[in-house]
Amino acid sequence: MLYATMAQAGYLPTSELTTLRKFRSRLQGHPDMSKLPGVEVSTGSLGQGLSIAAGLAYALRVQAEDADKAAQRVITLLGDGECQEGQVWEAAMFAGNQGLGNLVAVIDQNGLQIDGPTADVNDLRDLAAKFREFGWFCLDVDGHDLVALHQAFSSVCQ
């Protein structure tokens, strides 16, 4: 999803999408900021993304003249299997406690992780309820419904 979105935004030609995870491709499983413009942070281990995004959102809010409105939004993508990492919950608590309204976390809750279905490995149950408990505003959206996704992003990224 990240690379397809970046191609649509003009960061890379759409023809390059066919090189996904191939030898010497810029489009690997972990985005590399040194190889691809538009990638702000190279990531690796699961759970880092939300922590990095929360730090960036916090810094942007501190730098903004109006503390209620950060100058920019920070958007991060997580998988539901990744949400089993403790670092994700520390970042979620921090962001909620700091009221980081300029932070948007998109969770691909497809019920899968590397070891199998999340329900069999470590059932996450209602992820939105967990985030709400930490002070987040949450929307449940069908990721296959482009109109619903557009409406959701429009409502939180004004």
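One is the number of the first residue; the rest follow in order along the sequence. Just so you know, these numbers come straight off a predicted model, no measurement behind them. Just so you know, these numbers use all the heavy atoms, side chains as well, and skip hydrogens, waters and symmetry mates.
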Name all residues meeting the side chain to side chain donor-acceptor pair (under 3.5 Å) criterion together with S34; count only those two or more places apart in sequence or in a different chain, and write none if there are none.
-> D32
In terms of the angle between their ring planes, are W89 and F131 parallel, tilted or perpendicular, with boundaries placed at 30° and 60°?
-> tilted
Going by atom type alone, with no hydrogens or angles, which donor-acceptor pairs under 3.5 Å involve a side-chain atom of residues 108-116 and a protein atom two or more places apart or on another chain?
unit_1: N110; atom_1: OD1; unit_2: L112; atom_2: N; d: 2.9
unit_1: Q113; atom_1: OE1; unit_2: Q84; atom_2: NE2; d: 2.7

Shared hydrophobic cluster for L77 and L50 (ILVMFWY, side-chain gaps under 4.5 Å) = no
OH/Y3: more than 12 non-hydrogen atoms of other groups inside 6.0 Å = yes
Exam field: side chain R125 to backbone K130, donor-acceptor pair closer than 3.5 Å | no
Atom CZ of F134: over 12 foreign heavy atoms under 6.0 Å | yes
Could you tell me the separation between the CG atom of L27 and the CG atom of L2, rounded to the nearest 0.5 Å?
-> 9.0 Å
Identify whether L17 and L146 are in the same connected component of the hydrophobic contact network (ILVMFWY, side-chain heavy atoms under 4.5 Å).
-> no
Taking the side chain as every heavy atom from C-beta outward, state whether L103 and W136 have any pair of such atoms under 4.5 Å apart.
-> yes
Quick one: closest heavy-atom pair of C138 and A128, and the distance?
-> SG-O, 3.7 Å
Side chain proximity check, P31 to L36, heavy atoms < 4.5 angstrom = no
Should I52 and Y58 be regarded as members of a common hydrophobic cluster, given that ILVMFWY residues are connected when their side-chain heavy atoms come within less than 4.5 Å of each other, either directly or indirectly?
-> yes
Sequence neighbours excluded, which residues qualify as side chain to side chain donor-acceptor pair (under 3.5 Å) partners of E16?
-> R26
So which of N122, I107, T118 actually passes side chain to side chain contact (heavy atoms under 4.5 Å, CB included) with C83?
-> I107
Minimum heavy-atom distance T14-A7, with the two atoms named = CG2-CB, 3.8 Å
side-chain contact (heavy atoms from CB on, under 4.5 Å) evaluation trace for F153 with V106 | CA-CA 10 Å; F153 277 109; V106 177; 3.6 Å; yes
Same hydrophobic cluster for V141 and M1, using side-chain heavy-atom links shorter than 4.5 Å among ILVMFWY?
-> yes
Nearest heavy-atom contact between M6 and P37 is CE-O, 3.1 Å
Contact summary for L124 and G81, nearest pair of heavy atoms = CD1-N, 4.4 Å
When hydrophobic residues are tied together by side-chain contacts of less than 4.5 Å, even through go-betweens, does M33 share a cluster with V74?
-> no
Any side-chain heavy-atom pair of Q28 and K35 under 4.5 Å | no
Within-4.5 Å side-chain heavy-atom neighbours: Q72 and L56 | no
Heavy-atom closest pair (T76 atom, A53 atom, distance to 0.1 Å) is CB-CB, 3.7 Å
